[in-house]
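Below is one structure, written out as structure tokens; comments come after it.
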Number of protein chains: 2
Amino acid sequence: MNVCSAKWSQHDNVGGKMARKTGSHGDITGPKVQAAALRLIARHGFAAVSMRQIAREVGLQAGALYRYTPDKQTLLFDLMRGHMDALLVAREGAAMAGTPLIRLDEFVRFHIRFHLERPDAVFVSYMELRNLTPENFATLEALRRVYEDQLEVILRFGVVAGVFDVVDTKISTLAIIAMLTGLTTWYREDGRLPLADIERIYTGLVHGAVGVK
Amino acid sequence: MNVCSAKWSQHDNVGGKMARKTGSHGDITGPKVQAAALRLIARHGFAAVSMRQIAREVGLQAGALYRYTPDKQTLLFDLMRGHMDALLVAREGAAMAGTPLIRLDEFVRFHIRFHLERPDAVFVSYMELRNLTPENFATLEALRRVYEDQLEVILRFGVVAGVFDVVDTKISTLAIIAMLTGLTTWYREDGRLPLADIERIYTGLVHGAVGVK
DNA sequence: GTCTATAAGGGGATAGAC
DNA sequence: GTCTATCCCCTTATAGAC
């Protein structure tokens with residue numbers, strides 16, 4: 001499965017219409033628009049952020065944003081899909097070998113680090129699902145499901161290998177992911193414990209939850 | 001600590017100005033406004049819902065809403081504080097006696113049931129924190145902290161009694177609450193498993209996470 | 001690629017009649 | 001307690017100059 005997506009959802013930039021011209025800034029302005037939108041939406045919410053605010057943050061007038069997105073809805077969707085794409089691409093490097101316990105620990109560490117490195121994208125991806133059109137929502141749900149299934153496969157592997165004690169792998173998968181993602185709501189870099197300690201504690205909680213023998 | 005709050009945050013209804021008059025509907029319209037606002041905000045988000053939409057849902061004109069709230073921000077805050085008040089009031093009936101394991105299981109069952117019975121209030125209370133003024137946010141954080149501390153007390157009790165194996169009671173508290181609350185994002189009444197089974201599974205996950213001996 | 005200007009409409013909140 | 005009417009500002013998105 002190719003998890004990568006086109007730049008626009010409904011408005012593909014075919015041909016060379018946006019090719020670089022002397023004095024153009026499109027190839028740097030585009031990412032700046034996305035970054036500003038992500039930051040503002042994470043802080044204030046999609047509906048509360050106006051195109052004018054995003055434009056001001058980038059140093060543009062509002063009308064110029066429509067060179068970079070066909071509309072506000074697509075801007076949100078592209079941010080969220082970009083996050084899920086990045087998540088699944090990053091998982092492509094995950095070991096498909098090793099014991100269930102090794103693969104479980106790798107998943108836990110991966111999930112924690114990936115999410116803590118992108119607090120704004122995580123926030124937006126969890127909070128703004130209700131602001132998507134039904135089609136866009138379904139697309140993201142499918143991507144999220146692909147990710148969840150990777151953990152469930154590990155749990156089932158551990159169960160058949162006799163090293164995990166899990167009553168329901170689907171529920172345990174959702175419960176573990178919710179537990180790990182919750183870390184993003186309270187973690188602070190200058191908090192009481194270093195990240196390595198927190199990772200160890202969460203790994204231990206997960207070991208207990210799946211009944212590591 | 002008295003966890004109950006006044007009807008308004010900043011705009012108390014002192015005296016008898018709103019006493020019942022012939023033909024008045026205030027004592028029934030008020031709750032209807034709150035219910036409509038909660039429902040709409042849960043579905044679309046605070047910023048996306050207009051006072052006109054809320055009024056239409058109740059069968060009023062927009063101006064009439066201002067008999068029931070001084071402004072939109074206070075309406076949101078009152079919904080969220082009402083939820084936390086109800087949570088803490090409901091916990092007043094919780095057993096302060098019993099073994100750590102009994103009290104832990106009672107907390108897990110309570111949390112699951114209370115949250116599943118109020119999906120809209122749970123959603124709003126977790127998603128709209130960023131739309132509160134700093135003062136209102138601080139108030140809610142304090143109430144949430146009181147609730148979390150009840151679980152942490154149980155975990156510490158189990159540790160000193162030698163029946164739980166918890167490395168860090170604060171982190172375990174937050175992790176367990178995140179895990180349990182996550183249930184509200186996927187639970188459906190007509191789902192694969194009856195609630196009693198789901199409760200048993202989550203209770204087992206929590207037992208593992210706290211290292212029940 | 002970015003600007004200015006504008007269309008067409010919705011927003012929160014208030015005033016004062018009834 | 002509810003209505004109508006209104007103030008004033010903000011919204012998304014487009015048109016067309018440069």
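Just so you know, these numbers come straight off a predicted model, no measurement behind them. Each chain gets a letter, A, B and so on, in the order its sequence line appears, and its residues count up from 1.
The nearest whole Å value for the distance from the NZ atom in A:Lys72 to the C1' atom in C:dG10 is 13 Å. Atom-to-atom, OH of A:Tyr66 to P of D:dT11 comes out at 11 Å; the value is rounded to the nearest Å. Atom P of nucleotide C:dG12 and atom CG of B:Asp71 are separated by 11 Å, given to the nearest angstrom. Atom CZ in B:Arg67 sits roughly 12 Å away from atom P in C:dA15 (whole-Å rounding). If you take CZ of B:Arg56 and P of D:dT2, they are 18 Å apart, rounded to a whole angstrom.
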(request) Dot-bracket notation for DNA chain C is requested: 5' to 3', Watson-Crick or G-U wobble pairs only, both distances under 3.5 Å, with ( ), [ ], | and . as defined. (result) ||||||||||||||||||
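Among all heavy-atom pairs drawn from B:Val58 and B:Lys32, the shortest one is CG2-O, 3.7 Å. Residues A:Thr203 and A:Val108 come closest through the heavy atom pair OG1-CG1, 3.8 Å. Smallest separation of non-hydrogen atoms from B:Phe123 and A:Arg130: CE2-NH1, 3.4 Å.
The distance from the CZ atom of A:Phe114 to the NE2 atom of A:His83 is 5.5 Å, given to the nearest 0.5 Å. Interatomic distance, A:Leu183 CG to A:Glu199 CD, rounded to the nearest 0.5 Å: 9.0 Å.
Side-chain atoms of A:Asp71 and A:Thr74 form a donor-acceptor pair, as typed in the model, at a separation below 3.5 Å.
Taking the six-membered ring for Trp and thresholds of 30 and 60 degrees, B:Tyr202 and B:Trp186 have nearly parallel ring planes, at less than 30 degrees apart. Ring-plane geometry between B:Tyr147 and B:His111 is classed as parallel, the angle between the planes falling under 30 degrees on a 0 to 90 degree scale with a further cut at 60.
Geometrically, B:Arg103 does not engage B:Phe107 in a cation-pi contact defined by less than 6.0 Å to the ring centre and at most 45° from the axis.
Between B:Thr29 and the phosphate of D:dT2, there is a side-chain N or O to OP1/OP2 separation shorter than 4.0 Å.
Residues of residues 44-51 of chain A having a heavy atom closer than 4.0 Å to DNA chain D, listed by number: A:Val49, A:Ser50, A:Met51.
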List, with names and distances, any nitrogen or oxygen atoms from the protein found under 3.5 Å away from nitrogen or oxygen atoms belonging to nucleotides 3-9 of chain D.
{"unit_1": "D:dC3", "atom_1": "OP2", "unit_2": "B:Gln61", "atom_2": "N", "d": "2.6"}

